[in-house]
2 protein chains.
Amino acid sequence: MTASSVRLGHFEQLVLLAVLRLGDAAYASAILDEIDHATGKTASAGSMYVTLDRLEEKGFLRSRLADSTSERGGRPRRYVTVTAYGLRELRSSRAALLKLWRGLEGVLENS
Amino acid sequence: MTASSVRLGHFEQLVLLAVLRLGDAAYASAILDEIDHATGKTASAGSMYVTLDRLEEKGFLRSRLADSTSERGGRPRRYVTVTAYGLRELRSSRAALLKLWRGLEGVLENS
DNA sequence: CGGTCATTCCTTACAATGTAAGAGTCGCGG
DNA sequence: CCGCGACTCTTACATTGTAAGGAATGACCG
């Protein structure tokens, strides 16, 4: 279990970032769309719920349920927000990538 | 197996980037150092070999053995280089992250 | 009212990826 | 000869990624 070795996986990172961008409007389907838009790849809904649960368990995310009366149908939405801890992870992950990318712009820039 | 769904994981991406930067000098221990340097976290050697194997299997990486006579001891070094395919993945992964980061600079920039 | 629909959620099981622990090889210095 | 340092590789297990499928809730229409 080694609690100290917890890091962000690839998909987890994308999810956290999408949540940040969506602000108040972050719930599963919206996050899915956001990721789809950025990556061009569509993840399944199941992946999202599982990942959201795990992120919350680890303290990277917090969630609250919307009033069911205010919704049009289906179960009440579960809105999520990134915690301070999650934000810290995101920052350090970004810093590491920027470091590794530095100097490779020529090679990595798109065709 | 779903061959088309192959993506880069978190660590795999770091490894590929480190290999790119190291150029001719890319072999396991050096890659390990490079990643350590960028992330501040030390991965184990075992992780590296396993990951290198898997990346090669998937065609993101190619490897060749150094002359054993030219080495100081131990087994001959295994040098690796990123394939065109690997480079493409790296680019698209970077593009996705840049998209998601855009507009969040204020929040993500470091303390 | 009852049926169909769209929207949302969740569970389960399995595949892919991440990681640690530990062992094997070779050449050198003592 | 023996231990040491610099490499590599194997194995086994934990964590993360993903698809498939099911169920709740309310709108709309006949």
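Lettering follows sequence order; numbering is per chain, from 1. Note that these values count all heavy atoms, side chains included, but never hydrogens, waters or copies made by symmetry.
Between A:Lys58 and D:dT15, a side-chain N or O to OP1/OP2 separation shorter than 4.0 Å is absent.
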Validation: residues 13-27 of chain A side-chain donor-acceptor distances under 3.5 Å, sequence neighbours left out:
{"unit_1": "A:Gln13", "atom_1": "NE2", "unit_2": "A:Ser93", "atom_2": "OG", "d": "2.8"}
{"unit_1": "A:Arg21", "atom_1": "NE", "unit_2": "B:Leu100", "atom_2": "O", "d": "2.8"}
{"unit_1": "A:Arg21", "atom_1": "NH2", "unit_2": "B:Lys99", "atom_2": "O", "d": "3.3"}
{"unit_1": "A:Arg21", "atom_1": "NH2", "unit_2": "B:Leu100", "atom_2": "O", "d": "3.3"}
{"unit_1": "A:Arg21", "atom_1": "NH2", "unit_2": "B:Arg102", "atom_2": "O", "d": "2.0"}
{"unit_1": "A:Tyr27", "atom_1": "OH", "unit_2": "A:Arg77", "atom_2": "NH2", "d": "3.0"}

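Interface residues of residues 42-52 of chain A facing DNA chain C, ordered by number: A:Gly46, A:Tyr49, A:Val50; criterion, heavy-atom separation under 4.0 Å. Across residues 27-38 of chain A, A:Tyr27, A:Ala28, A:Ser29 each have a non-hydrogen atom less than 4.0 Å from an atom of DNA chain C (numbered order).
In this structure, A:Phe11 atom CZ and D:dT15 atom C1' are separated by 15 Å, rounded to whole Å. Rounded to an integer number of Å, the gap from B:Arg54 CZ to D:dT15 C1' is 12 Å. Rounded to a whole Å, the CZ atom of B:Arg7 is 13 Å from the C1' atom of D:dA19. Put simply, CD on B:Glu12 is 15 Å from P on D:dT16, counting in whole angstrom units. What separates CZ of A:Phe60 from P of D:dT15 is a distance of 13 Å, to the nearest Å. Whole-Å rounding puts the B:Arg64 CZ to D:dC7 P distance at 15 Å. Atom pair A:Leu65:CG and C:dC9:P shows a separation of 9 Å (rounding to whole Å applied). Taking atom NE2 of residue A:His10 and atom P of nucleotide C:dG18, one finds them 10 Å apart after rounding to whole Å.
Put simply, CG on A:Leu90 and CZ on A:Phe60 are 9.5 Å apart, with the number rounded to the nearest 0.5 Å. Atom OG of A:Ser47 sits about 11.0 Å away from atom CG of A:Leu52, to the nearest 0.5 Å. The distance from atom CG of A:Leu55 to atom CG of A:Leu8, rounded to the nearest 0.5 Å, is 7.0 Å. Rounded to the nearest 0.5 angstrom, A:Glu89 CD and A:Thr83 OG1 are separated by 9.5 Å.
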**A:Asp36 and A:Leu32: CA distance, side-chain angles, deciding distance, side-chain contact (heavy atoms from CB on, under 4.5 Å) verdict** = CA-CA 6 Å; A:Asp36 190 346; A:Leu32 234 19; over 6 Å; no

**CA sep, side-chain torsions, deciding dist, call: A:Arg75, A:Leu65, side-chain contact (heavy atoms from CB on, under 4.5 Å)** = CA-CA 10 Å; A:Arg75 295 206 191 165; A:Leu65 291 177; over 6 Å; no

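Nearest nucleotide to the A:Arg77 side chain, out of C:dG18, C:dT8, D:dT8: C:dT8.
The base of C:dG27 lies outside donor-acceptor range of the side chain of B:Arg75, with no N or O pair under 3.5 Å.
When every heavy atom of A:Ser63 is checked against every heavy atom of A:Arg78, the shortest pair comes out as OG-NE, 3.4 Å.
By the criterion of side-chain heavy atoms lying less than 4.5 angstrom apart, applied directly or through intervening Ile, Leu, Val, Met, Phe, Trp or Tyr residues, B:Leu108 is grouped together with A:Val80 in one hydrophobic cluster.
Within 4.0 Å (heavy atoms only), B:Arg78 reaches sugar-phosphate atoms of the nucleic acid but no base atom.
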